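Let me begin by presenting the structure, written as structure tokens, before commenting on it.
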Amino acid sequence: MINKLNDRVKIALTKGRIEKSAIGIFERAGIECSQLKNKGRKLIFHNEENNIDFVLVKAADVLTYVEHGASDIGIVGKDTLMEYNKDFYEVIDLKFGKCKFAVASTNKNNFYKGYERKRIATKYPNVAREYFRKKGQDVEIIKIEGSVELAPVLGLSDAIVDIVETGTTLKENGLVVLEDICDISARMIVNRASMKMKSKKIVNIIDKISAVL
Ligand code: PRP
């Protein structure tokens, strides 16, 4: 029993946007997790056959659980990995949850006019700061928690840095992409100690997932 618990692999999945694709890829790899599809308010699910626990948490918390070893493996977007500088192995680009980071603003707002310091609203202050630092452009970063597209419309900022997937949110709020920053997709991350202690089981999971990509 103790061995079984020690040997258990704990996997943290990001709730929301990439949840469905993450479940789909484990199922295609032959790791059953159908319970997660009819989950109600439950947050932890056990797969007896493979001795795996799945948990569903917010993106930034996936990193925290994996960094501290409370989860061995995490599935999370590259956007979150870029924003929070934490310590683990990034092992697979899962090729789903594809979107991009972009600078956007309203059609009318001429972001490139004038010499005053521009204000950038974003949920990703570190990504935005780093992008403009590399360009040598001095900007003021305003951190907001969501519905970022409103910021230039209401005059809170000159532009935003945000993720763009279909482009619908930008379009429906009268914003356009000014600059592409980089492409994003979901990644598998692994706790550094788990990679040594549970290497056989974790490598087996990595191989199964890689085989169906
Ligand atoms: C994200 C992002 C954009 C939108 C982009 O927000 O911040 O607002 O999705 O997707 P689209 O290009 O397909 O329209 P999210 O849905 O995570 O909600 P939030 O505004 O609460 O952050």
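In each ligand, atom 1 is the first atom listed, and ligand 1 is the first ligand listed. Nothing here was measured: the structure is a model prediction, and the numbers come from that model.
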Are the charged groups of [X] and [Y] less than 4.0 angstrom apart, N to O?
{"X": "E116", "Y": "K118", "value": "yes"}
{"X": "K10", "Y": "D53", "value": "no"}
{"X": "R187", "Y": "E90", "value": "yes"}

Q) Could you state the interatomic distance from NZ (K135) to CD1 (I181), rounded to the nearest 0.5 Å? A) 9.0 Å
Q) Regarding E83 and N126, is there a side-chain donor-to-acceptor distance under 3.5 Å anywhere? A)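 A donor-acceptor contact under 3.5 Å links the two side chains.
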Q) Is there a donor in the side chain of Q137 and an acceptor in the side chain of Y131, or the other way round, less than 3.5 Å apart? A) no
Q. Name the residues in contact with ligand 1, where contact means a heavy atom under 4.0 Å away: which are they?
A. R17, K123, G146, S147, E149, D162, I163, V164, E165, T166, G167, T168, T169
